[in-house]
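Read the structure below first, then the notes.
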Amino acid sequence: MNPSLTLILNTHMPQVLGTGPLFDEPENWLFEALTETYLPLFRMLERWDSRRFNGTLVMSFTPCLVQQLLACEERYTGYLHLLGRIATREVERTSRLELYNRYEKFPQSLSDEALSRIHRTAGMYLRRVEDSLAFLKEHSLRDVFAQLGRSRLPGVQLWTSSPQHNFLPFFEPATADRLVARGVESFQDVFGREPDGFWLPECAFHPGIERVLTRHGIRRTALSLNGIGASQPQDPSGVFRHEDLEVLVHDYRIGLHLWKSPDATFPAHPVYREFFRDVGFDVRPEYFDELGVPVPANKRGHVWTGLKYHAVTGQQVGLGEKGLYDLEAARAQVPQHVRAFWDLLESRRSLVQDGQTFVLAFDTELFGHWWHEGIEWLDGVMQPELPREVSVAAPVPPPPSLPRLYYSTWGRDFYSEHWLTPGNCWMFGLIKLVEAQLPEPVDAETRETWRRFEVFSGSDLLFMMPDPTQRERARTLFLQRYADVVSRLPHFTPELLTAFPVDPFKCVLIHVGPPGEEAPPPFLLRRLSRQGSSDARREITLDPEVVDVAGLRVSFQYFLLHPQARYALRVEGSEREHTFQMPDYGVPLLIAPDTRTYPKYDPEVLYRKLGEIWEGDQRLPILQAPTLRSRHMYTRAQVTEVLGGKRTAVFKYNKEGYALLRFREKSVAPASVVFDDTVSLNDAGAYIQAGSLSVPVHSDPSEISKQDFDAVVFTCSLNFESEVPHVRALLEVATRKRLPVVSLYDDILYYDLFDGLEPDPSLFYRVAVPEQDALAHPPGPVDYQPRNLLGVFGTDTVQGKFTTQVYLREALAKHVRVRHHSTEPTGILLGSDTGYSRVLRVDADQRLAFERRLMLDLARDCDVVITGGQNGLLFSPAGADRRTNASTMIYETFLPRLVVLSVSVDTKPEDVLATREYLETLAREHDVPCTVVGLAMMGGRKLLGSRWTETWFLGVRDEVLEAARQRLEQQTGLRVHAIPEEVDALARSVLTHL
């Protein structure tokens, strides 16, 4: 029995059709997709032969894409004529090497065969433009859609979707109902009949949506595996039924071979065309000027034409090193991948419920646009030259019935995390704020308000926000659309309280209200019984994070909650309450590069933690009158004497813990094991992208006594009851074995955790300055003018200051004598000369005198001293201004003459300029020079989730880094150095200023 394939193509493009200059993004997305994907697919459907394909092709069309296609023919034709002008010149330019190099930014020495290969590729692009123009001459796109609706091709289904790809679980049932109805109506208007099914945008489903679909005549939709309750790697996909709804379950385990699996993806084959290397990046801007092709000013030197001459070559090969594309070799590879695909299905029969019917779903633009050869591959799969040999099959039994459907998406971890990040959840708050005040759509005026709300509430801008290259545009466009729809609400009230699940265990709580000078009121969260009454055992108080936007204050907090449980949320000082229920049980999965799946959470650990939060004792065991006190140390010599050569057990896996692992080879006592109350991982190195450290991480306190270590380091203050079992178990081992115990922050002897133990205070240490050291330097005039001091400070809230200090210290040490004063206590464990969290029990003048004398001692016998800030220089603490932030105080204490500013891929150039201006102001006030040497850019953005998710590094593509570098350098005039890759270059820049 041959495998049968149901292939779902989600055809969608956000609202990009414009009226401005052609060749300006993002309108190019639409025109490139038309040329490379949509028109070739329409051609394929013209010659469709259902006998050649054993399966079903599903094409879903979002109304916003269809309306753009119906409206774009004139602009698209103009675009094609301009593209044809470029392609014609390219055929001419690639015929002779001197012509080719005349316009290249970087002329190349090419062989005749290499130039001939480029020339053949150029000819292909010209033919494609001509074919596209011929298609438009033969058909109007409106007629194409109408004909598709009339023809009812066997083996082809046409689906609709919500008007603007709206993420349906976000909305109240009545709103979701209208969005589905509008999708059905729009389809009927264009295709002349009812749709065969409904694509749920982002494959996002919440129980109850199935009733909305069937109420509007929809009998078919698609879900991810989690949508049917699957949570195990071998759970079957395929075709199922839930009441009156046929449910097609997409199998991501197989789909990854075509999309986003870095090792096994068909499109990543070396001979296929490289998407990110475009002719418009390689030629000089005057090339387009001479052609009479207008290029917007912001795209000069970097315009997407869709003409690309290079091949993938290899996943680790930089764009500048890509080999030339060989059209014939790529076409020869396609049939091999067609065969490999059918072989793959054959080998995975156990993954589908009937052993035969596979369901795969993709964004349509993958084929032809992103994967240039993808259309030919589709043609080979669905319309081969010879019909597939189909054996006579036994009657197919009806699909299995599903008693329930579950909350799910096809996004990260299969839930809402990508659309509800700490960086974009304020957008969800504003969408819900507007939704709550929409009028009934009863006349032309109110229906137009709803239409604008549909545009405003589409999922695309939320999806774009986590991408640093698109964030600013998405934010600006979202706020414009927000203002547009709010202007039509005459009785708009700017207040909302709401909540939405990020996954079955984690929820974001949101309050929207007017701005204020005072700190936002805390959230009060209660768990409700099944009968709806309050659970008297616990009310949690949470301090939310805040975003001021659009004249409103959006407060939000991520928190861990019970699946399926009901909660009541309010803000302090208000009686208004929002009740909500967490979704049905499911275990979010993580997908590894090898396509295997792993649970995001350990359910046993998670439920134990939930019990500690909601049923445990909130009291932390802090002694009100401690009788014992740790010894204090803050110099390298002291730390080496205590920890030198020892193997360390670290608690816990927070920012400081990451540093101890990332720079493990520089530690006087390398971490051999990490304990944490929230996370359990096999390879900590992989988690922080720091290479193969193979340092085990355990969340089970019982593991502590089984491990072999010689010292204990506590990286955090004790804040949560759930941490107590781990700390107590570590102290039991340490006191029994008489091991040194080091706390980076709080004094561990201040906690009531030693019942039955006899701690020796001489073995307990805190990274801090004893007051007697500071008091030994009474305040008074001091000649403080060290000229060899370098400070590393942050611009916005970007992280990476401490990491930059350590890498830069090592790079400078190759050339000069370097000292390092770390304002993070972690630094003293990682080779800095001094480092501490605070000076105890002394006033500000005494502290200043001590710290400046300490810095003078460091600076006296070396060439450069490195220190740094603790937060962004522009950061304003709650209820204060930036003059009181920690970094400002550090700067004014040490007055570094040279400064390196840390940035990330999404740092705004205006924040860099504002930071430099602020530094210049501070320097003038203290009558010292201050030079910003350059910018240090981390290779990722450190994201802060809730306590339960901790922090992690988000890797970004090379082209994203390069675009950020160009933007910052052009607009600030400062050189950007990637860290750690370009730290040696940054060190050389520092040396030139010493």
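Predicted, not measured: the structure shown is a model, and the values here were computed from it.
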Take Glu982 and Arg965 through the test salt bridge (Lys or Arg N to Asp or Glu O under 4.0 Å) and record every step on the way to the result. CA-CA 12 Å; Glu982 297 173 352; Arg965 181 204 300 272; 3.0 Å; yes
Tell me, with the steps shown, if His310 and Asp282 meet side-chain contact (heavy atoms from CB on, under 4.5 Å). CA-CA 11 Å; His310 292 82; Asp282 290 342; 3.9 Å; yes
So, the side chain of Asp278 versus the backbone of Thr305: is there a donor-acceptor pair under 3.5 Å, distance only? yes
Pairs involving residues 53-77, ordered by first then second residue, that meet salt bridge (charged side-chain N to carboxylate O under 4.0 Å, His left out) (sequence neighbours left out): Glu27-Arg75
With rounding to the nearest 0.5 Å, note down the distance linking CD in Glu138 to CG in Asp143. 12.5 Å
Would you compute the distance between atom CZ of Arg481 and atom OG1 of Thr476 and round it to the nearest 0.5 angstrom? 11.5 Å
Less than 6.0 angstrom separating the ring centers of His369 and Phe275, yes or no? yes
Test: Glu104 and Arg284 ion pair at under 4.0 Å: no
Are the side chains of Thr907 and Val912 in contact, using a 4.5 Å heavy-atom criterion? yes
Between the side chain of Gln383 and the main-chain N/O of Phe53, is any donor-acceptor distance below 3.5 Å? no
Sorted by chain and residue number, the side chain to side chain contact (heavy atoms under 4.5 Å, CB included) partners of His139 (sequence neighbours excluded) come out as Arg43, Glu46, Phe135, Val144
Taking the side chain as everything from C-beta on, heavy atoms only, tell me whether Pro26 gets closer than 4.5 Å to Arg473. yes
Do side-chain atoms of Arg93 reach the backbone of Leu99 as a donor and acceptor pair under 3.5 angstrom? no
Looking at Glu90, Lys322, Arg117, Arg273, which hits side chain to side chain donor-acceptor pair (under 3.5 Å) with Tyr309? Glu90
Take Arg89 and Glu92 through the test salt bridge (Lys or Arg N to Asp or Glu O under 4.0 Å) and record every step on the way to the result. CA-CA 5 Å; Arg89 177 59 62 90; Glu92 175 188 351; 3.7 Å; yes
Does the ring center of Phe266 lie less than 6.0 Å from the ring center of His337? yes
With a 6.0 Å cut-off (strictly less than), is the heavy-atom count around CD of Glu328, excluding the residue itself, greater than 12? yes
So with a 6.0 Å cut-off around CD of Glu113, is the heavy-atom count from everything else above 12? yes
Under the ring-ring contact (aromatic ring centres under 6.0 Å, His included) definition, can you give me all pairs with a residue in residues 84-133, not counting sequence neighbours? Tyr103-Tyr287
Look only at the side chain of Arg85 and the backbone of Leu291, and say whether a donor-acceptor pair between them is shorter than 3.5 Å. yes
From CE (Met59) to CG (Leu7), nearest 0.5 Å: 9.5 Å
Which atom pair, heavy atoms only, marks the closest approach of Pro384 to Val381? CD-O, 4.1 Å
When you compare the side chain of Trp159 with that of Leu9, does any pair of heavy atoms fall below 4.5 Å? no
Search all heavy atoms of Val900 against all heavy atoms of Leu808 and return the closest pair with its distance. CG2-CD2, 4.4 Å
Assess the residue pair Leu360 and Ile8 against the criterion (side-chain contact (heavy atoms from CB on, under 4.5 Å)); give the C-alpha distance rounded to whole Å, side-chain angles, the decisive distance to 0.1 Å, and a yes or no. CA-CA 6 Å; Leu360 297 178; Ile8 306 171; over 6 Å; no
Say whether Ser161 and Thr62, considering side chains only, have a donor N or O and an acceptor N or O under 3.5 Å apart. no
Checking the side chain of Ser459 only, and the main-chain atoms of His165 only, is there a donor and an acceptor separated by less than 3.5 Å? yes
Parallel, tilted or perpendicular, judged at 30° and 60°: which one describes the rings of Phe145 and Phe61? perpendicular
Does atom CG of Asp112 have more than 12 heavy-atom neighbours from other groups under 6.0 Å away? no
Going by side chain to side chain contact (heavy atoms under 4.5 Å, CB included), name the residues that satisfy it together with Leu913, two or more places apart in sequence or in a different chain. Arg916, Thr972
Kindly give the heavy-atom pair with the smallest separation between Val271 and Ala330, and that separation in Å. O-CB, 3.7 Å
How far apart are the C-alpha atoms of Arg475 and Met465, what are their side-chain angles, what is the distance that settles it, and do they pass the side-chain contact (heavy atoms from CB on, under 4.5 Å) test? CA-CA 7 Å; Arg475 176 188 173 88; Met465 278 294 287; 4.1 Å; yes
Just by distance, with hydrogens left out, do Tyr38 and Thr364 show a side-chain donor and acceptor under 3.5 Å apart? no
Could you check whether the rings of Phe341 and Trp377 sit parallel, tilted or perpendicular, using 30° and 60° as the cut-offs? perpendicular
Side-chain donor-acceptor contact under 3.5 Å, Asp460 with His12: yes
How long is the span from the SG atom in Cys72 to the CG atom in Leu17, to the nearest 0.5 Å? 6.0 Å
Would the distance check show the side chain of Gln68 and the main-chain N or O of Pro14 forming a donor-acceptor pair, the cut-off being under 3.5 Å? yes
Got a sec, which residues hit salt bridge (charged side-chain N to carboxylate O under 4.0 Å, His left out) with Glu130, two or more places apart in sequence or on another chain? none
Donor-acceptor under 3.5 Å (Glu365 side chain, Thr11 main chain): no
So, the side chain of Arg277 versus the backbone of Leu319: is there a donor-acceptor pair under 3.5 Å, distance only? yes
The side chain to side chain contact (heavy atoms under 4.5 Å, CB included) partners of Asn28 (sequence neighbours excluded) come to Phe23, Glu25, Glu32, Tyr79, Trp304
If only side-chain N and O atoms count, and only distance matters, is there a donor-acceptor pair under 3.5 Å linking Thr795 with Asp911? no
Would you check, one step at a time, whether the test side-chain contact (heavy atoms from CB on, under 4.5 Å) holds for Trp48 with Leu57? CA-CA 11 Å; Trp48 180 260; Leu57 170 65; 4.1 Å; yes
Mutual orientation of the aromatic rings belonging to Tyr272 and Trp371 [parallel < 30°, tilted 30-60°, perpendicular > 60°]: tilted
To the nearest 0.5 Å, what is the distance between CG on Leu141 and CG on Leu34? 6.5 Å
Using salt bridge (Lys or Arg N to Asp or Glu O under 4.0 Å), reason through Arg128 and Asp131 one step at a time and then give a plain yes or no. CA-CA 5 Å; Arg128 188 170 68 188; Asp131 288 346; over 6 Å; no
Please check: side-chain N/O of Thr265 versus main-chain N/O of Pro267, any donor-acceptor pairing under 3.5 Å? no
Does a donor on one side chain and an acceptor on the other come within less than 3.5 Å for Glu373 and Gln333? no
Is the distance between the ring centroids of Trp410 and Trp199 less than 6.0 Å? yes
What I'd like to find out is whether the side chain of Arg120 reaches to under 4.5 Å of the side chain of Ser116, using heavy atoms alone. yes
Spatial distance of atom CG (Asp49) from atom CE (Met44) [nearest 0.5 Å]: 12.0 Å
Using a 3.5 Å distance criterion without hydrogens, assess whether the side chain of Thr992 forms a donor-acceptor pair with backbone atoms of Val990. no
